[in-house]
Structure formats: structure tokens, C-alpha cells
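Heads up, the thing below is written out as C-alpha cells.
In this text the structure is predicted, and so the values were computed from the model without any measurement. Numbered from 1 within each chain, the chains take letters A, B, ... in sequence-line order.
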Amino acid sequence: MPELPEVETIKIKLQRFLIGHNIVDIKVNWIKTFPKDTEVIIGSTVSTIRRFGKVLVIDFENGYSLVIHIKMTGQLIYRGPNLNTESSLSKKVYGGIPGKHTHVIFNLDRSGILYYNDMRKFGWMKVVKSDELRSIALLKSMGPEPLGSLTLEIFREILNKNKKSVKETIMDQTKIGGIGNIYANDALYFAKIHPTRKANSLTEDESKLLLHSLEEVLKRGISKGGASENSYVTPDGTEGNYQDIALVYGKKGRECKNCGSIIERIVIGGRGTFYCNTCQK
DNA sequence: AGTCAAACCTGGGCGC
DNA sequence: TGCGCCCAGGTTTGAC
């Protein structure tokens with residue numbers, strides 16, 4: 001679930017809470033989430049926060065970085081100074097904070113606290129030197145960003161080289177960084193392209209339209225603070241709103257807003273895929 | 001090399 | 001009410 005717009009939202013909100021502050025203590029309750037090196041970043045100041053695809057990177061002034069992947073159900077929730085809402089905590093923060101699903105607690109200066117909740121425990125954290133991020137395989141192999149270095153020329157080349165479905169291709173993190181199931185479904189609907197189409201079968205016009213559609217739905221996702229269809233919440237504990245304007249994701253059996261046909265669900269590459277069989281060719 | 005299932009996990013929704 | 005089953009899905013791993 002958490003994809004580029006969700007992680008971007010987390011990045012933006014955490015920048016306000018963390019930059020210029022120190023971690024004074026880290027408590028790890030589930031060792032598989034954060035197995036080692038917790039002490040390396042204690043006492044150093046957060047300098048920058050970055051995002052690569054779905055991966056969050058918190059940089060410290062001592063030359064180390066905390067790399068976080070929240071997978072599907074990870075939640076980073078801050079409590080403390082600078083929290084401008086009386087942030088009623090979303091009930092999607094299963095078990096509360098701290099609670100049953102709180103696996104890591106970062107105690108910050110000025111009494112701030114950053115909680116990491118993860119119901120399914122798939123997410124992970126690790127510390128690496130900031131200039132050695134590429135030692136993490138996922139970051140080393142990450143494809144270009146759809147709102148960054150992904151040009152039409154590169155996109156055309158990616159599609160032309162792949163005979164898998166266009167949906168699997170755009171979700172492949174080694175080809176393009178940051179697209180997951182929600183925005184892949186919606187972008188293909190927006191571009192009126194059938195998700196089972198082979199990537200290399202798209203015409204130049206279709207490729208252009210799909211790239212524009214990806215940019216459009218991702219921007220909408222960011223402007224809505226991400227999609228809280230599932231367990232995603234933002235660092236102030238509130239929900240995102242993209243699910244309210246989602247085009248087809250999760251809408252099996254509902255009417256297509258464009259033509260009135262019933263939205264169908266199939267499985268592509270092991271993942272639920274929603275589309276309009278009338279609009280998408 | 002490429003394809004595919006399994007593994008990591010837990011809660012929610014379903015049928016009976 | 002409750003039990004068992006299947007599903008959700010990002011990424012890695014291991015088997016054919």
C-alpha cells in the first residue's frame with residue numbers, strides 16, 4: 001500500500017518534526033525490524049530526510065543514515081513539539097502507541113517521540129553510512145523516479161524491452177521506483193490502457209499518455225496525503241484521503257464513472273487488479 | 001535466464 | 001457465536 005505518495009507524505013511531515021533534532025534513545029521491541037547498529041545514530045542530529053521510491057532515508061550529521069522500508073503496514077507516528085493538530089490518533093493505529101504493534105520507539109530531544117508500528121512486521125530499518133546507501137540492494141537496483149528522472153525516452157525504452165504485462169512492468173521497482181498496486185491500477189485506468197497488455201505492445205502515444213497518467217495520479221496522491229484504504233497513516237497520526245478519489249482501486253462491482261460498466265477484478269502477477277473492460281483497451 | 005511459489009506476518013471478512 | 005479458511009501485498013529467496 002504505502003507507495004511513492006505515502007512515503008513522500010511521511011517524508012514531508014517528518015522533516016518538520018525531526019530535522020535539527022537528536023535521537024537520545026532507541027528502544028527495539030521486535031529485533032527483526034531493526035536488528036543492529038541502533039547506537040550508531042544516538043546523539044547525532046537529523047540533517048535531511050529523503051525518499052527513493054518507497055524507501056525513506058533519514059540522514060544524520062555524523063555521516064550515517066537510517067534507512068526505513070515500511071512495506072504494507074508500517075506506521076511512523078510522532079508525538080511531541082511541533083505537532084500542530086491536537087492530532088486525534090486514527091483508529092488505524094492498531095493497538096495505539098505505544099501498543100501491541102509498536103516495535104521501535106525513538107526518544108528525541110525536547111521530549112519528542114517517534115513510534116514505529118507495524119501490524120504484520122514486514123517492514124525493516126537499518127543504519128548505513130550515508131555515502132554507502134547503494135550497499136542496500138533495493139536502493140542499488142532502484143529504477144528512475146516517475147516524478148523525477150524518468151523521461152519519456154527512458155519510459156519508452158523500459159516498455160519496449162519488456163514482454164510482461166504493462167502493469168507488472170510499471171510496478172517493478174528495478175525498472176521504475178515507487179509505483180505500487182493502487183497507483184498502477186489508477187494510472188492504467190486514467191490512460192485507458194488494459195492492465196494485461198504486454199508492455200512492449202504500447203504505441204508511442206499510449207506510452208506518453210501512461211507516463212502523464214502516472215505523474216497525474218501520483219501528484220493527486222501526494223496532494224491528498226496518501227491513501228489510507230488500508231493501514232497507512234501519516235506521522236501526525238491522521239489519515240490520508242486519496243482513497244476518497246481513487247479511480248478504480250478497490251472498486252470491484254461498482255460502476256465505472258466514465259461509462260457505467262461494472263469494474264472488474266482479476267489477478268496479475270499475484271496482485272488484485274481493478275479495471276474497466278469497456279474503457280481500457 | 002526466466003517464471004513462479006513460498007516466506008515473512010496479522011487482522012478482517014467470508015462461509016458454514 | 002465461533003471456527004476455519006482465504007485474502008491483503010512489497011520484496012527476497014529458493015525451487016524448477
Side-chain angles (χ1 to χ4, degrees), chain A residues 1-10 28-35 51-57 67-76 90-97 99-104 116-126 133-143 145-146 158 161-188 195-196 198-200 218 221 226-233 239-240 242-243 246 248-253 263-274:
Chain A
M1 305 268 117
E3 309 174 28
L4 188 156
E6 287 73 29
V7 183
E8 180 70 13
T9 301
I10 292 170
V28 178
N29 295 327
W30 184 256
I31 197 70
K32 285 186 180 178
T33 297
F34 197 168
R51 179 191 58 75
F52 299 93
K54 303 167 188 173
V55 179
L56 188 72
V57 176
V67 183
I68 305 174
H69 197 313
I70 67 172
K71 294 290 183 80
M72 281 84 68
T73 58
Q75 302 173 324
L76 286 161
S90 162
K91 60 176 183 282
K92 289 180 184 293
V93 181
Y94 302 109
I97 43 171
K100 182 182 174 186
H101 302 295
T102 305
H103 307 313
V104 185
Y116 179 71
N117 270 23
D118 191 347
M119 185 180 78
R120 293 176 66 182
K121 299 176 177 169
F122 283 12
W124 51 258
M125 302 183 187
K126 57 185 73 174
L133 288 180
R134 291 173 69 82
S135 66
I136 293 171
L138 180 61
L139 290 176
K140 186 177 182 183
S141 65
M142 184 81 66
E145 291 272 334
I158 290 166
K161 280 197 304 195
N162 283 280
K163 50 186 188 292
K164 280 192 168 186
S165 71
V166 59
K167 180 164 184 262
E168 288 170 282
T169 302
I170 61 176
M171 287 176 66
D172 183 338
Q173 302 302 297
T174 67
K175 296 184 174 68
I176 302 170
I179 314 287
N181 206 23
I182 296 175
Y183 297 96
N185 276 287
D186 276 10
L188 287 163
T196 59
K198 301 299 175 201
N200 62 11
L218 292 170
S228 290
E229 178 92 14
N230 217 308
S231 57
Y232 161 79
V233 295
E239 299 178 15
Y242 182 79
Q243 69 280 3
V248 283
Y249 180 79
K251 299 196 182 300
K252 181 190 175 186
I263 300 298
E264 298 180 31
R265 179 187 184 276
I266 55 174
V267 174
I268 297 176
R271 293 186 186 91
T273 302
F274 303 88

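- Rounded to a whole Å, the NZ atom of K164(A) is 15 Å from the P atom of dA1(B).
- Atoms CD1 (I176(A)) and P (dG10(C)) sit 15 Å apart, rounded to a whole Å.
- Within the 4.5 Å cutoff, no side-chain heavy atoms of Y94(A) are placed close to those of T73(A).
- Distance noted for atom P between dC3(C) and dC9(B): 25 Å (whole Å).
- Rounding to whole angstrom units, CD of residue Q75(A) and P of dG10(C) are separated by 16 Å.
- For Q173(A) (side chain) and L138(A) (main-chain N/O), no donor-acceptor pair under 3.5 Å exists by modelled atom type.
- By the ring-ring contact (aromatic ring centres under 6.0 Å, His included) test, F274(A) pairs with Y249(A), sequence neighbours left out.
- Without hydrogens or angle criteria, D118(A) side chain to G123(A) main chain gives a donor-acceptor distance under 3.5 Å.
- A side-chain donor-acceptor contact under 3.5 Å links N185(A) to the backbone of N181(A).
- Among the heavy atoms of the strands, none lies under 4.0 Å from G270(A).
- Residue I70(A) is classed as having no contact, given no heavy-atom separation below 4.0 Å to the nucleic acid.
- Phosphate proximity of dT11(C) to H69(A): present, with a side-chain N or O under 4.0 Å from OP1 or OP2.
- Counted by atom type alone, E6(A) and Y183(A) present one or more donor-acceptor pairs between their side chains at under 3.5 Å.
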Seminar exercise, completed: Per-residue pairing states of DNA chain C in dot-bracket (Watson-Crick or G-U under 3.5 Å; . unpaired, | other strand) read .|||||||.|||||||
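- One finds a side-chain N or O of Q173(A) lying less than 4.0 angstrom from the OP1 or OP2 phosphate oxygen of dT11(C).
- Spacing between dA5(B) and dC6(C) at atom P, rounded to whole Å, works out to 16 Å.
- Checking K92(A) against N230(A) by side-chain atom types alone, no donor-acceptor pair falls below 3.5 Å.
- Between N29(A) and V104(A), the closest side-chain pair of non-hydrogen atoms is not below 4.5 Å.
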For this session: Determine, for nucleotides 8-14 of chain B in 5'-to-3' order, which nucleotides have protein heavy atoms under 4.0 Å from the base (write B), from only the sugar-phosphate (write S), or from neither (write -).
Result: BBBSS--
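- A side chain to side chain contact (heavy atoms under 4.5 Å, CB included) with V55(A) is found for one member of I68(A), V7(A), V67(A), I136(A) and no other, namely V67(A).
- If you measure from atom NZ of K126(A) to atom C1' of dT12(C), you get 11 Å, rounded to the nearest angstrom.
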